[in-house]
K.L.:
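Got a structure here, written out as structure tokens. Questions coming.
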Amino acid sequence: MAREKIIIKNPAEIEGIRKSSRLAAETLDMIERYIEPGISTDELDHICNAFMIEHGARSACIDYLGNNRWGKGGYPKCTCISRNEVICHGIPNPDERLQDGDIVNIDVTTVLDGYFGDTSRTYLVGNVSAKKRKLVEVTEKAMYRGIEAIRPGGHIGDIGHAIMTYAEPLGYSVVREYTGHGTGVEFHEAPYIYHRAERGTGARIEPGMVFTVEPMINIGGYKTKLLDDDWTVKTQDGQPSAQFEHTILVTETGYEILTTTK
Ligand code: MF3
Ligand code: CO
Ligand code: CO
């Protein structure tokens with residue numbers, strides 16, 4: 001198969017992606033006050049969906065990969081909500097309620113005027129153990145280490161190298177099968193961003209590229225398992241996993257984080 005082409009975004013596209021990304025970040029700001037023991041992941045999903053629609057957007061996830069060549073149905077919900085040992089793509093469910101001590105990632109991807117913004121955060125629910133809090137801190141920091149490695153003229157592999165060399169010596173493992181990705185004009189575009197990589201490998205980073213950095217970091221081993229619903233990804237050993245994600249624009253001099261409200 002031909003290597004997919006990396007889309008360099010023009011100024012009009014960048015403006016559109018910036019607006020969509022900001023709305024995605026606003027959605028994560030908005031949902032924070034609802035995160036408490038007892039609320040169901042489906043209720044959280046509905047609140048995010050209503051917020052996006054109120055702001056003229058829709059979720060890129062609803063029906064994503066429907067009618068695909070693997071024959072599985074499209075993604076059924078607005079957000080992905082992944083608790084504790086769920087690594088990513090947890091499906092919101094009315095029977096799944098947040099519990100004191102959980103860590104929970106909410107991942108939102110907005111489509112506004114045809115442009116995509118993709119971001120996630122891991123939230124703490126009530127009293128969280130020191131071990132899980134540390135995992136969440138390390139994961140957020142790992143994402144920023146990756147982002148800080150972005151510079152025009154550098155390589156995509158520099159990002160994964162920065163993440164891996166930060167998280168692994170601290171005793172954590174980095175998930176391998178799920179990657180960051182180009183985004184903005186489509187949901188998932190080239191280049192794919194491995195969160196473990198060697199410096200100087202992969203495509204050259206250029207101004208006008210837009211991609212996500214979204215490491216999933218585990219307390220135990222890196223291995224994953226896909227549940228029978230064909231979406232939910234868990235750690236094989238049942239130990240907790242955390243994730244943070246930003247959509248980044250490469251500029252002439254460095255980068256800009258687009259999925260922020262600051
Ligand atoms: N937002 C996820 C990502 O960061 C993708 C979710 S796809 C879905 O790439 F279909 F599961 F929603
Ligand atoms: Co993403
Ligand atoms: Co995402």
Side-chain angles (χ1 to χ4, degrees), residues 4 6-7 17 20-28 31 41-42 44-46 48-49 52 57-83 86-93 104-112 115-123 139-140 142-143 146-147 150 156 159-160 163 174-195 209-217 224 226-234 241-249 257-260:
E4 236 185 296
I6 298 174
I7 306 171
I17 298 165
S20 190
S21 295
R22 187 177 173 88
L23 180 61
E26 283 168 357
T27 309
L28 293 184
I31 202 66
T41 54
D42 198 54
L44 294 170
D45 186 73
H46 281 269
C48 289
N49 198 229
M52 287 184 201
R58 68 177 175 88
S59 163
C61 299
I62 297 173
D63 209 32
Y64 181 61
L65 292 182
N67 271 328
N68 61 73
R69 65 196 155 97
W70 300 283
K72 68 179 180 184
Y75 188 75
K77 296 286 175 174
C78 168
T79 61
C80 295
I81 305 189
S82 305
R83 290 166 61 223
V86 178
I87 295 172
C88 62
H89 307 165
I91 303 175
N93 180 336
V104 63
N105 176 277
I106 303 186
D107 190 339
V108 300
T109 308
T110 46
V111 191
L112 181 65
Y115 297 107
F116 293 76
D118 188 5
T119 184
S120 85
R121 297 178 198 159
T122 298
Y123 302 89
T139 305
E140 185 170 24
M143 175 190 66
I147 292 170
I150 297 169
I156 294 293
I159 299 166
I163 290 168
V174 179
V175 172
R176 302 170 184 205
E177 294 96 322
Y178 302 89
T179 65
H181 50 90
T183 192
V185 173
E186 291 179 72
F187 191 170
H188 294 112
E189 310 170 3
Y192 292 88
I193 318 294
Y194 291 87
H195 299 116
M209 285 183 178
V210 176
F211 53 75
T212 71
V213 177
E214 51 179 300
M216 288 139 272
I217 305 291
T224 65
L226 181 64
L227 300 198
D228 284 339
D229 63 21
D230 264 352
W231 286 105
T232 310
V233 180
K234 287 192 177 182
S241 179
Q243 181 178 26
F244 283 83
E245 174 177 24
H246 270 312
T247 296
I248 311 292
L249 166 70
I257 297 175
L258 297 181
T259 37
T260 177

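Computed from a predicted model, the values in this text were never measured in an experiment. In each ligand, atom 1 is the first atom listed, and ligand 1 is the first ligand listed. The basis for the numbers below is simple: all heavy atoms, side chains too, and nothing from hydrogens, waters or symmetry mates.
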K.L.:
Of all the heavy-atom pairs spanning Gly180 and His195, show the shortest one and how long it is.
P.N.:
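Looking at all heavy atoms of both residues, the closest pair is N-CE1, 3.3 Å.
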K.L.:
Taking all non-hydrogen atoms of both residues into account, name the closest pair between Glu4 and Ala190 and its distance.
P.N.:
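Taking every non-hydrogen atom into account, OE2-N, 3.4 Å.
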K.L.:
Starting from atom 7 (S) of ligand 1, which protein heavy atom do you reach first, and at what distance in Å?
P.N.:
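It is Tyr64 CD2, 3.7 Å.
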K.L.:
Does a donor on one side chain and an acceptor on the other come within less than 3.5 Å for Thr110 and Ser20?
P.N.:
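Judged by distance alone, the side chains do pair up.
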K.L.:
Considering all heavy atoms of both residues, which atom of Phe116 and which atom of Ala60 are nearest to each other, and what is their separation?
P.N.:
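In this case the closest contact between Phe116 and Ala60 is CE2-CB, 3.6 Å.
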K.L.:
Of all the atoms in ligand 1, which lie at a distance below 4.0 Å from a heavy atom belonging to Cys80?
P.N.:
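Checking each atom against Cys80, I get 6 (C), 8 (C), 11 (F), 12 (F).
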K.L.:
Quick check: closest heavy atoms across Gly90 and Ser82, and the distance to 0.1 Å?
P.N.:
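For Gly90 versus Ser82, the nearest heavy atoms are N-OG, 3.2 Å.
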K.L.:
Would you say Val233 and Val86 make side-chain contact, with heavy atoms under 4.5 Å?
P.N.:
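No. Closest side-chain heavy atoms not under 4.5 Å.
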K.L.:
Given side chains that start at C-beta, do those of His246 and Thr119 come closer than 4.5 Å, heavy atoms only?
P.N.:
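Yes. Closest side-chain heavy atoms under 4.5 Å.
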K.L.:
If we set the cut-off at 4.0 Å for heavy atoms, which region of His181 has an atom near ligand 1: side chain, backbone, both, or neither?
P.N.:
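Near ligand 1, His181 shows its side chain, while the N, CA, C and O stay back.
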K.L.:
Before signing off on this row, confirm whether Trp231 and ligand 1 have an N or O atom pair separated by under 3.5 Å.
P.N.:
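By distance alone, the answer is no.
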K.L.:
Listing by chain and number, which protein N, O or S atoms are under 2.8 Å from the Co ion (ligand 2)?
P.N.:
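Sorted hits: Asp118 OD2, His181 NE2, Glu214 OE2, Glu245 OE2.
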K.L.:
Purely on distance, is any nitrogen or oxygen of His188 under 3.5 Å from one on ligand 1?
P.N.:
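Yes.
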K.L.:
So, His181 and Glu214: side-chain donor and acceptor under 3.5 Å apart, yes or no?
P.N.:
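The criterion, which ignores hydrogens and geometry beyond distance, is satisfied for Glu214 and His181.
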K.L.:
Give the residue and atom name of whichever protein heavy atom lies nearest to atom 3 (C) of ligand 1, and the separation in Å to one decimal.
P.N.:
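Protein heavy atom with the smallest distance to atom 3 (C) of ligand 1: Asp118 OD2, 3.4 Å.
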K.L.:
Among all protein non-hydrogen atoms, which one is nearest to atom 4 (O) of ligand 1, and what is the separation to 0.1 Å?
P.N.:
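Protein heavy atom with the smallest distance to atom 4 (O) of ligand 1: Glu214 OE1, 2.8 Å.
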K.L.:
Answer yes if the side chains of Thr247 and Asp118 hold a donor-acceptor pair under 3.5 Å, and no otherwise.
P.N.:
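No donor-acceptor contact under 3.5 Å links the two side chains.
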K.L.:
Please state whether Phe187 comes within less than 4.0 angstrom of ligand 1, counting heavy atoms only.
P.N.:
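Right, Phe187 reaches ligand 1.
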K.L.:
Atoms of ligand 1 less than 4.0 Å from Cys61 heavy atoms?
P.N.:
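Result: 12 (F).
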K.L.:
Which atoms of ligand 1 sit under 4.0 Å from any heavy atom of Thr109?
P.N.:
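Atoms satisfying the 4.0 Å criterion: 1 (N).
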K.L.:
Angle class for the Tyr75/Trp231 ring planes (parallel below 30°, perpendicular above 60°, tilted otherwise)?
P.N.:
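Plane angle over 60°, so perpendicular.
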K.L.:
Looking only at protein heavy atoms, which one is nearest to atom 2 (C) of ligand 1, and what is the separation?
P.N.:
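So the nearest neighbour among protein heavy atoms is Asp107 OD2, 3.3 Å.
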K.L.:
Hey, is OH on Tyr194 packed in by over 12 heavy atoms from elsewhere, all under 6.0 Å?
P.N.:
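No, not enclosed.
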